[in-house]
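Have a look at the structure below, then the notes.
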Amino acid sequence: LCLDLGCQIAVSPDTKHFAVDWLGVEVTRATLGIIGMGSIGYKVAQRARAFSMRILYHNRNRRRKEEEEAVGAHYCERMEELLQQSDFVMLAVNLTPQTHKLIGRKELELMKPTATLINISRGLVIDQDALVEALQNHIIRGAALDVTYPEPLPRGHPLLRLKNVIITPHAGTATLQAVQAMAAEAIANMLAALRGQPIPSQVFPK
């Protein structure tokens, strides 16, 4: 949030000077709560460890002890425990009937007033009306959303008018290398299926 606002200030034609009391929040040694510790959530934890972050996670299934120790992650059986302790809450879950509006008014009120909610999963994992209310009333400090519902949001949506939210256009995998890798993986899966071989990236293995 700080960087986005900083960019706006730096490029604004109205800027005459930079304020000396303009401060952000450090991630170093902050507590990161990851909801959904699958392959993506785990890679986030690996990167967060480089910033000496305390890592909490909530997942349907607990990771193996050696996997937890490799990134210094602590398992929260109850999501509420993670929400109450985290400075940053990151959502990295699949959208299922169980995760639809997983984060609503009750969950947002459990978070610290200084916390930031980050969503890299799917827009419908958050109750957006509840999020707007929480941001407007400073129930949480801010939100960073790579996904919304719908995409893009209607131009009059209240989320677009709030200063304590960053929205990016579902660009989490938007690199040339990532797109090429996804295409290569799709081709490998199609060729395997046509040859009657095991499908490398089968979502629901037999």
Side-chain angles (χ1 to χ4, degrees), residues 1-8 24 27 30 32-51 53 55-61 63 67-68 70-73 79 82 86-103 115-128 131 135 142-155 157 159-160 162 164-194 197-205:
L1 297 175
C2 188
L3 284 175
D4 182 61
L5 182 56
C7 179
Q8 293 175 36
V27 298
L32 171 64
I34 301 172
I35 299 175
M37 190 66 118
S39 59
I40 293 173
Y42 194 77
K43 287 183 185 297
V44 169
Q46 289 174 322
R47 288 153 176 78
R49 191 173 192 194
F51 290 94
M53 298 188 85
I55 301 167
L56 308 177
Y57 79 96
H58 174 75
N59 202 45
R60 284 178 303 175
N61 302 306
R63 284 270 185 172
E67 291 176 324
E68 291 181 341
V71 295
M79 187 175 70
L82 178 150
S86 299
D87 299 303
F88 299 89
V89 174
M90 176 171 283
L91 300 169
V93 297
N94 293 323
L95 178 60
T96 68
Q98 289 72 39
T99 62
H100 180 264
K101 294 191 177 179
L102 179 69
I103 302 297
T116 298
L117 179 65
I118 304 164
N119 190 8
I120 61 170
S121 54
R122 290 293 183 269
L124 280 170
V125 171
I126 297 176
D127 179 338
Q128 284 187 165
L131 178 60
L135 291 169
L145 312 173
D146 188 43
V147 288
T148 58
Y149 182 80
E151 294 176 353
L153 287 171
R155 297 299 84 185
H157 198 282
L159 274 177
L160 301 178
L162 294 171
N164 53 347
V165 61
I166 286 177
I167 302 175
T168 50
H170 204 147
T173 58
T175 67
L176 178 61
Q177 293 87 346
V179 171
Q180 288 175 337
M182 287 189 288
E185 185 175 353
I187 291 167
N189 279 274
M190 288 186 283
L191 290 174
L194 291 170
Q197 298 170 343
I199 299 173
S201 306
Q202 189 169 353
V203 178
F204 299 109

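The residues of the chain are indexed from 1 along the displayed sequence.
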task: Using modelled atom types only, decide if a donor and an acceptor are shared between the side chain of Arg49 and the backbone of Ala45 within a distance under 3.5 Å.
output: no
query: Which distance, rounded to the nearest 0.5 Å, do you find between the OG1 of Thr116 and the CD1 of Ile118?
result: 6.5 Å
field: Asn119 side chain vs Arg122 backbone, donor-acceptor pair below 3.5 Å
entry: yes
field: Spacing of Leu194 atom CG and Ile199 atom CD1 [to the nearest 0.5 Å]
entry: 9.5 Å
field: Pro200 versus Ala192, closest heavy-atom pair with distance
entry: CD-CB, 3.8 Å
message: Given 3.5 Å as the limit, does a donor-acceptor pair link the side chain of Gln128 with the main chain of Thr148, or not?
response: no
- request: Starting from the C-alpha separation in whole Å, work towards a yes-or-no answer on side-chain contact (heavy atoms from CB on, under 4.5 Å) for Leu117 and Leu91.
  value: CA-CA 8 Å; Leu117 179 65; Leu91 300 169; 4.1 Å; yes
Heavy-atom closest contact (Ala143 atom, Leu131 atom, distance): CB-CD1, 4.2 Å
message: Given the ring of Tyr57, does Arg63 sit roughly above its face, with NZ or CZ under 6.0 Å from the centre of the six-membered ring and within 45° of the axis?
response: no
message: Could you walk me through whether Leu159 and Leu145 satisfy the side-chain contact (heavy atoms from CB on, under 4.5 Å) test, starting with their C-alpha distance in whole Å, then the side-chain angles of each, then the deciding distance to 0.1 Å, before giving a yes or no?
response: CA-CA 10 Å; Leu159 274 177; Leu145 312 173; 4.0 Å; yes
message: Any heavy-atom pair between the side chains of Leu95 and Val125 that's under 4.5 Å?
response: yes
query: Only one of Asn61, Leu56, Asn59, Val44 forms a side chain to side chain contact (heavy atoms under 4.5 Å, CB included) with Met37, so which one is it?
result: Asn59
field: Nearest-0.5 Å distance, CD1 of residue Ile55 to CD of residue Gln46
entry: 9.5 Å
Do any side-chain atoms of residues 165-172 form donor-acceptor pairs under 3.5 angstrom with protein atoms, and if so which ones, sequence neighbours left out?
from: Thr168; atom 1: OG1; to: Asp146; atom 2: OD1; distance (Å): 2.7
from: His170; atom 1: ND1; to: Glu151; atom 2: OE1; distance (Å): 2.9
from: His170; atom 1: ND1; to: Glu151; atom 2: OE2; distance (Å): 3.2

- prompt: Do Ile35 and Ile103 come close enough that some side-chain heavy atom pair is under 4.5 Å?
  reply: yes
- request: Using atom types as modelled and distance alone, determine if a side-chain donor or acceptor of Thr99 lies under 3.5 Å from a backbone N or O of Leu102.
  value: no
statement: Those residues at least two apart in sequence (or on a different chain) that pass salt bridge (Lys or Arg N to Asp or Glu O under 4.0 Å) with Asp127 are none
message: With a 6.0 Å cut-off (strictly less than), is the heavy-atom count around CD1 of Ile40, excluding the residue itself, greater than 12?
response: no
Atom of Ala48, atom of Leu32 and distance for their closest heavy-atom approach: CB-CD2, 3.6 Å
query: Rounded to the nearest 0.5 Å, what separation is found between the NZ atom of Lys101 and the CD1 atom of Ile126?
result: 11.5 Å
Rounded distance [0.5 Å steps], CE in Met182 versus CD in Gln177: 11.5 Å
